[in-house]
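Comments concern the structure below.
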Amino acid sequence: AYARAPFPPRRGEQRPRRGRLRRRGRVLRVQRALLQRQRRVERERHEDRAVVEAEQLNHPSSSMSSSLKRDPEESLADRRKRLKAHAEAHFNSTRAAWADLPPDALRLVVKRAADLAKSSVPVVPTVASVCRAWRDAVLNHPSDLWRRADFSGDFNPWEFVIARYCREGHWRELEHLDLRDCPRLTDKALYALSARNGNVGAPALTSLFVSDVSGESSMSCRFRAGRGNTWNPKGMTVDELVPFLERKQETLEAIEIDRLTCASNFKRETLFRVAFGSRRLTAIAVRDSGRILPNISLSLPPSGAPFLAKLDLSNSGGGKGSVVLPWVDLMRKCPAMRELRLNGFGGAAGWEPKPRVDLANDPWTNASRDTADGAADGDITAPREGLPGFEHLEVLELGAARVTTSAGYGVGQSGLGGIPLLFRLTHASKKLRELDVTGARERLNPDDISSVVARFADQRRFSADDLAGTLFCEKGESPLRVLRCSKTGWAGARGGEEGEAFQRLFFLEGNGLGGEKRARFPDLRVLELGSQGAHAPLFGDEALVIVVAAYHASLERLAIAGSAVTDAGVAFLLSRCAFVNELDASFCRGLSREFRRAAAEGDIRAARRLAAAAADENHAAVLESLSARVLS
């Protein structure tokens with residue numbers, strides 16, 4: 001007993017005796033036997049339950065009922081085994097044999113699931129891990145199942161995973177690849193996507209999304225945690241991305257980069273020059289990049305980018321120095337532009353238009369002079385002759401950057417100088433459906449829309465027919481569906497003359513049937529007047545009545561964060577606007593806490609009930625009379 005002890009007893013401690021050890025071992029054996037008996041009883045009880053269920057499943061009139069009859073001479077153990085085998089056979093005969101599904105049918109199901117998920121990840125790898133039959137069916141024709149691959153979630157693959165898919169030909173027909181937020185990937189992933197040195201790669205790739213692209217040379221990236229001169233680059237670099245874009249000029253149509261941390265101005269110019277010079281590239285996005293080119297028009301080729309349809313520079317620039325927006329060059333060199341996203345462009349300092357409005361190099365200024373000279377000589381210049389514009393523009397985002405201060409969130413400087421510049425950008429856009437002018441502050445006033453139209457009409461440059469279908473249409477034919485104008489003069493008014501001007505922003509005088517008022521944007525679905533860091537303190541119940549009267553039939557989402565509305569006003573809104581399914585009423589101190597909680601959770605039904613219960617009947621009657629007066 002002393003030899004078996006893990007350590008010798010201490011001084012004064014009694015050594016274990018042999019008899020005591022024997023009794024302890026006997027007790028352990030008895031406990032083990034009792035535990036085994038209990039487990040055996042539970043197993044037999046479970047088997048008996050399975051036997052009873054098998055007897056209940058089979059009808060006495062069935063052909064198998066004779067085999068289930070009890071033989072008096074049969075022992076209980078033999079009967080249990082026989083009925084258990086019958087239950088297993090019945091289960092195997094009735095279950096769906098998914099493993100025996102034809103490979104073609106299985107591939108169709110997997111392809112449909114990947115299309116619904118808009119990504120083959122993790123659908124295809126999960127199906128291949130179910131069983132051997134499914135894995136063989138997936139691996140026989142893998143290229144049919146890979147059309148879109150999105151690794152931007154919680155996957156974070158290694159570069160050898162990308163290399164294996166490319167080497168084995170799985171991505172032979174891959175069209176879209178999203179590798180954002182994958183810090184393990186390096187330049188080797190871009191090298192694997194290229195079809196060279198016997199590698200299949202992704203020859204049909206049309207769109208690529210990456211992030212955290214640095215300008216650090218691969219030879220300068222040393223292995224910081226090891227010894228020697230072994231280099232290990234961290235993330236993707238511009239040195240490999242530029243040759244990749246050059247090799248993919250015939251197929252690549254979209255490239256999006258998040259967080260371009262390139263300190264070299266020469267490398268940034270090279271990247272933009274190769275991107276703008278691509279033959280088929282229709283979408284370019286460089287977001288959340290502190291440093292960007294001061295003037296992106298310098299990277300445009302002399303012939304321009306006639307196929308470029310999307311340019312996204314959101315939250316880029318402003319790291320060092322100021323940036324300019326060459327709006328005239330973009331109009332002339334990018335005539336197919338559909339999406340121009342410049343929210344946060346230039347950082348907190350904003351951007352400067354080039355050329356500035358009403359200067360000598362402004363085409364509208366020169367056109368006005370030519371018109372005046374022609375009018376003096378009796379020869380009027382044709383309307384809009386020689387004036388550039390975005391004829392196919394659908395999305396225009398010119399919002400200011402969101403900044404963080406000691407007092408909380410705020411809005412930086414806006415590069416939008418006012419309605420004249422907005423008129424120049426959208427005068428030819430008859431398909432504009434989304435507009436964001438957040439942070440323009442006092443530069444946008446409700447009466448400026450009519451004034452700028454009257455100004456150019458007096459100069460005989462534009463007529464009502466020329467502006468039909470645009471943002472400045474006076475006939476109510478604008479196709480605008482989304483309007484974000486927080487922290488501007490469009491976000492509310494106190495009353496009096498300001499309230500009348502706010503009403504003229506959303507209504508057109510005498511353009512409806514019988515001379516009634518008509519909404520300026522009849523198809524408006526999303527209206528953002530207040531958001532985080534850009535509250536709307538001037539937006540109250542009276543302004544809310546105007547919005548409801550104009551867009552009660554189309555409004556679906558309304559954001560009035562930090563406004564001065566009350567429960568009666570919100571109850572009036574939810575009772576008139578039946579299609580509203582999202583309401584941002586955060587930081588609205590005039591509303592009850594329960595209503596704000598229900599609106600934040602997206603429970604519109606509960607919000608309607610709470611607003612109606614907390615509303616004041618007298619105030620609600622006042623809002624009803626105000627609505628009738630607005631529409632009259």
Side-chain angles (χ1 to χ4, degrees), residues 256 258 285-290 292 296 310-319 322-327 330 337-354 357 390 393-405 408-426 429 432-446 448-449 471 480-492 505 521 524-539 557-563 582 584 586-587:
E256 296 190 7
D258 290 352
V286 180
R287 296 182 291 261
D288 302 326
S289 304
I292 204 171
I296 58 176
K310 177 182 177 180
L311 180 62
D312 189 355
L313 301 177
S314 301
N315 301 320
S316 297
S322 60
V323 295
V324 298
L325 178 64
W327 53 279
L330 290 177
M337 185 71 68
R338 294 185 178 180
E339 298 183 18
L340 184 60
R341 302 181 183 270
L342 301 175
N343 278 346
F345 182 58
W351 46 270
E352 291 290 336
K354 184 181 181 181
V357 178
F390 294 118
L393 191 64
E394 298 179 1
V395 179
L396 179 61
E397 295 182 353
L398 302 174
R402 303 300 176 97
V403 296
T404 304
T405 61
Y409 294 99
V411 180
Q413 297 294 327
S414 175
L416 185 62
I419 290 292
L421 180 57
L422 184 62
F423 180 82
R424 286 161 169 77
L425 293 174
T426 61
S429 305
L432 187 65
R433 54 180 174 83
E434 185 175 347
L435 177 64
D436 191 344
V437 290
T438 302
R441 292 184 173 88
E442 67 279 355
R443 301 180 181 181
L444 294 181
N445 296 320
D448 290 344
I449 295 181
L471 182 67
L480 192 68
R481 295 187 177 183
V482 180
L483 176 61
R484 297 184 175 92
C485 54
S486 305
K487 216 69 176 181
T488 64
W490 295 357
L505 172 64
F521 313 119
L524 192 65
R525 298 181 181 179
V526 178
L527 179 60
E528 183 178 295
L529 302 174
S531 58
Q532 185 179 16
H535 294 172
L538 301 180
F539 188 83
R557 181 185 182 276
L558 179 63
I560 49 175
S563 62
E582 186 176 352
D584 184 5
S586 56
F587 304 102

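Source: prediction; values computed, not measured. Side chains are part of it too, since the values below use all heavy atoms of this structure and drop only hydrogens, waters and symmetry mates.
- For E394, the side chain to side chain contact (heavy atoms under 4.5 Å, CB included) partners are R338, K431, R433, not counting sequence neighbours.
- Applying the salt bridge (Lys or Arg N to Asp or Glu O under 4.0 Å) test to D312 and every residue at least two apart in sequence or in another chain returns R287.
- Among all heavy-atom pairs drawn from G347 and A401, the shortest one is O-CB, 3.4 Å.
- S563 places a side-chain N or O within 3.5 Å of a backbone atom of I560 that can act as its donor or acceptor partner.
- Rounded to the nearest 0.5 angstrom, D288 CG and D258 CG are separated by 6.0 Å.
- The main-chain N or O of L471 is never found under 3.5 Å from a side-chain atom of T426 such that the two would form a donor-acceptor pair.
- Residues A400 and V411 share a closest heavy-atom pair of CB-CG1, 3.4 Å.
- Contacts of P326 classified as side chain to side chain contact (heavy atoms under 4.5 Å, CB included), with partners at least two apart in sequence or in another chain: N295, I296, S297, D329.
- The backbone N or O of G399 sits less than 3.5 Å from a side-chain atom of N343, completing a donor-acceptor pair.
- The closest donor-acceptor contact from the side chain of R341 to the backbone of A285 lies at 3.5 Å or more, if one exists at all.
- Checking each of L325, V323, V324 against E352 for a side chain to side chain contact (heavy atoms under 4.5 Å, CB included) leaves exactly one that passes, namely V324.
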Apply side-chain contact (heavy atoms from CB on, under 4.5 Å) to V395 and V482, showing your working.
CA-CA 9 Å; V395 179; V482 180; over 6 Å; no
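- Here the shortest heavy-atom pairing between L421 and P353 reads CD2-CB, 4.0 Å.
- The distance from atom CH2 of W327 to atom CG of L342, rounded to the nearest 0.5 Å, is 14.0 Å.
- The side chain to side chain contact (heavy atoms under 4.5 Å, CB included) check on S486 picks up T438, E528, S531, A534, with sequence neighbours excluded.
- Minimum heavy-atom separation, T488 to C485: OG1-O, 2.6 Å.
- Judged as a side chain to side chain contact (heavy atoms under 4.5 Å, CB included), and not counting sequence neighbours, the contacts of L505 are P446, I449, W490.
- Looking at residues two or more places apart in sequence or on another chain, you find a salt bridge (Lys or Arg N to Asp or Glu O under 4.0 Å) between R424 and D358, D362.
- Between L422 and L396 the shortest side-chain heavy-atom distance falls below 4.5 Å.
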Report the C-alpha separation of L432 and F390 in whole Å, then their side-chain angles, then the decisive distance to 0.1 Å, and conclude whether the side-chain contact (heavy atoms from CB on, under 4.5 Å) test is met.
CA-CA 10 Å; L432 187 65; F390 294 118; over 6 Å; no
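- Residues Y409 and T404 meet the side-chain proximity criterion, which asks for heavy atoms closer than 4.5 Å.
- L435 CG to R484 CZ: the interatomic distance, rounded to the nearest 0.5 Å, is 10.0 Å.
- Put simply, NZ on K310 and CD on E339 are 5.0 Å apart, with the number rounded to the nearest 0.5 Å.
- Note that CG of L529 and CG of L538 are 11.0 Å apart. Values are rounded to the nearest 0.5 Å.
- The distance from atom CG of L313 to atom CD1 of I292, rounded to the nearest 0.5 Å, is 4.5 Å.
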